**Q** 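Before we start, here is the structure in question, set down as structure tokens.
A quick note: this is a predicted structure, and the numbers were derived from the prediction, not measured. Within every chain, numbering begins at 1; the chains are lettered A, B, ... in the order of the sequence lines, protein sequences first and strands thereafter.
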Number of protein chains: 2
Amino acid sequence: MESQDLRKAGLKVTLPRLKVLEILESAQQRHMSAEDVYKALLEMGEEIGLATVYRVLTQFEGAGLVSRLSIEGGHAVFELEDGTHHDHLLCVRCNQIEEFIDEVIEQRQRVIAAEKGFQMTDHSLYIYGICRNCQS
Amino acid sequence: MESQDLRKAGLKVTLPRLKVLEILESAQQRHMSAEDVYKALLEMGEEIGLATVYRVLTQFEGAGLVSRLSIEGGHAVFELEDGTHHDHLLCVRCNQIEEFIDEVIEQRQRVIAAEKGFQMTDHSLYIYGICRNCQS
DNA sequence: GTGTAAATGAGAAAGGTTTTCATTTATATT
DNA sequence: AATATAAATGAAAACCTTTCTCATTTACAC
Ligand SMILES: [Mn+2]
Ligand SMILES: [Mn+2]
Ligand SMILES: [Zn+2]
Ligand SMILES: [Zn+2]
């Protein structure tokens, strides 16, 4: 029951919030922009404002329900938070996104932050390239 | 002689271009936004349009004279290109930027891209944190 | 010096995201 | 079940960084 997820996050259970959650859970693509979510809802026949989609996604991010990717140049992309940190590979041709986890890199980042006297709060790593499909 | 740098890059030697180069070379902060450069020029008494600053920085990037950082949420930041690739640590309190090079991370990225069948074109890595000065 | 293509500045436009504000809705209280 | 109230919503305007347009100026080859 998704309503519980919302209540647990301290958010009122409203139709727009349930619908956005539903889209994120059922969409074929795991990584979606606000516009993607908005269009998916319209196609579903839902009446919702784009501003509400942005608001809800931002609230979900604050509540730890989704995480936001800040991709170079483009718009933000959101994905359901699954508790496991991972980084991303992005195809510059077809915009497909793949995920990866690399403990060696994670560890090196901690070491570097420590060496520089930084208390690390976050990091972002994107590898850009041409995916297998898009290589001529 | 900076004029040579411009000619070598196939760019006409114009006053705005020389001035932007001058700012980048003499500024106390190595990493500057277009707005930073623009304000520095105004304070210097130079007449220049913000659009020109953006244009010139983008041309410099194309010519390999500067590189552009795409920082989360904010504006782009530029720095003089020195030929050596490096990544960045950013203080979320004072916005100070530090640089680092880590061959282990570079190598792991290549391996990951290869494993996923990606022909890597670029990557961006930012470590966010609180710098030594900003830790209470 | 002249001619010509390129560069510039001002302001408009773009594009993604946030804000405003009047209206609607969820939830706690009768 | 009806009511009260604070929160959420939608539409449109505003925002903010960056790019574009176009008339004017400039650099550079001749
Ligand atoms: Mn992901
Ligand atoms: Mn740097
Ligand atoms: Zn692709
Ligand atoms: Zn700091």
**Q** Could you state the atom-to-atom distance from CG of A:Leu6 to C1' of C:dT27 in whole Å?
**A** 14 Å
**Q** Check every atom of C:dG16, C:dT19, C:dG9 against the side chain of A:Arg55 and return the nucleotide holding the closest atom.
**A** C:dT19
**Q** Rounded to the nearest Å, what distance is computed from the CG atom of residue B:Leu57 to the P atom of nucleotide D:dT19?
**A** 10 Å
**Q** Heavy atoms under 4.0 Å, any strand shown: does B:Ala34 hit a base, just sugar-phosphate, or nothing?
**A** nothing
**Q** Would you say that A:Phe100 contacts A:Asp102 through its side chain, given a criterion of any heavy-atom pair below 4.5 Å between the two side chains?
**A** yes
**Q** Look at A:Arg17 and D:dA8 and indicate whether a side-chain polar atom (N or O) is within less than 4.0 Å of OP1 or OP2.
**A** yes
**Q** For B:Thr52 and for A:Tyr54, locate the closest nucleotide of DNA chain C by heavy-atom distance; then report the residue assigned to the nucleotide nearer the 5' terminus.
**A**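 Result of the comparison: B:Thr52.
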**Q** Indicate the ring-plane relationship of B:His88 and B:His86, choosing parallel, tilted or perpendicular according to the 30° and 60° boundaries.
**A**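 Plane angle over 60°, so perpendicular.
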**Q** Which of the following nucleotides, C:dA26, D:dC20, D:dC28, is nearest to the side chain of B:Val13?
**A**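 Of C:dA26, D:dC20, D:dC28, D:dC28 is nearest to the side chain of B:Val13.
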**Q** So, does B:Ser33 get its side chain near the phosphate of D:dT17, meaning an N or O under 4.0 Å from OP1 or OP2?
**A**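 False: B:Ser33 side-chain N/O out of range (4.0 Å or more) of D:dT17 OP1/OP2.
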**Q** Between A:Leu50 and B:Gly49, name the one whose nearest nucleotide on DNA chain C is closer to the 5' end.
**A**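 It is B:Gly49, whose closest nucleotide lies nearer the 5' terminus.
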**Q** For A:Ile48 and C:dT24, give me the distance from atom CD1 to atom P, rounded to whole Å.
**A** 17 Å
**Q** Regarding A:Glu35, tell me which of base, sugar-phosphate or nothing describes its non-hydrogen contacts under 4.0 Å with the strands shown.
**A** nothing
**Q** Looking at C:dT8, D:dC28, C:dG11, which one has an atom nearest to any side-chain atom of B:Lys12?
**A**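 Between C:dT8, D:dC28, C:dG11, the one nearest the side chain of B:Lys12 would be D:dC28.
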**Q** For the side chain of B:Arg108 and the backbone of A:Ile105, is there at least one donor-acceptor N/O pair under 3.5 Å apart?
**A** no
**Q** How is B:Arg68 classified with respect to the nucleic acid when contacts are heavy atoms under 4.0 Å: base, sugar-phosphate, or nothing?
**A** nothing
**Q** Between B:Leu15 and B:Ala76, who's closer to the 5' end of DNA chain D by nearest nucleotide?
**A**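 Upstream on the strand: B:Ala76.
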**Q** Decide whether B:Val56 and B:Met44 are clustered together by the hydrophobic rule: side chain heavy atoms of Ile, Leu, Val, Met, Phe, Trp, Tyr closer than 4.5 Å, transitively.
**A**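 Hydrophobic grouping puts B:Val56 with B:Met44.
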**Q** Atom CD of A:Glu47 and atom C1' of D:dA11: how far apart are they, to the nearest Å?
**A** 12 Å
**Q** From CE of A:Met32 over to P of C:dT17, roughly how many Å is that when rounded to an integer?
**A** 14 Å
**Q** Could you give the CZ-to-C1' distance, from A:Phe60 to C:dT17, as a whole number of Å?
**A** 18 Å
**Q** Please give, in whole Å, the distance from D:dA6 C1' to A:Leu11 CG?
**A**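 Taking atom C1' of D:dA6 as the reference, CG of A:Leu11 is at 15 Å.
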**Q** Could you check how far CD of B:Gln59 sits from P of D:dA27, rounded to whole Å?
**A**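 In whole Å, D:dA27 P and B:Gln59 CD are 15 Å from each other.
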**Q** Between A:Glu46 (side chain) and A:Ile48 (backbone), is there a donor-acceptor pair under 3.5 Å?
**A** no
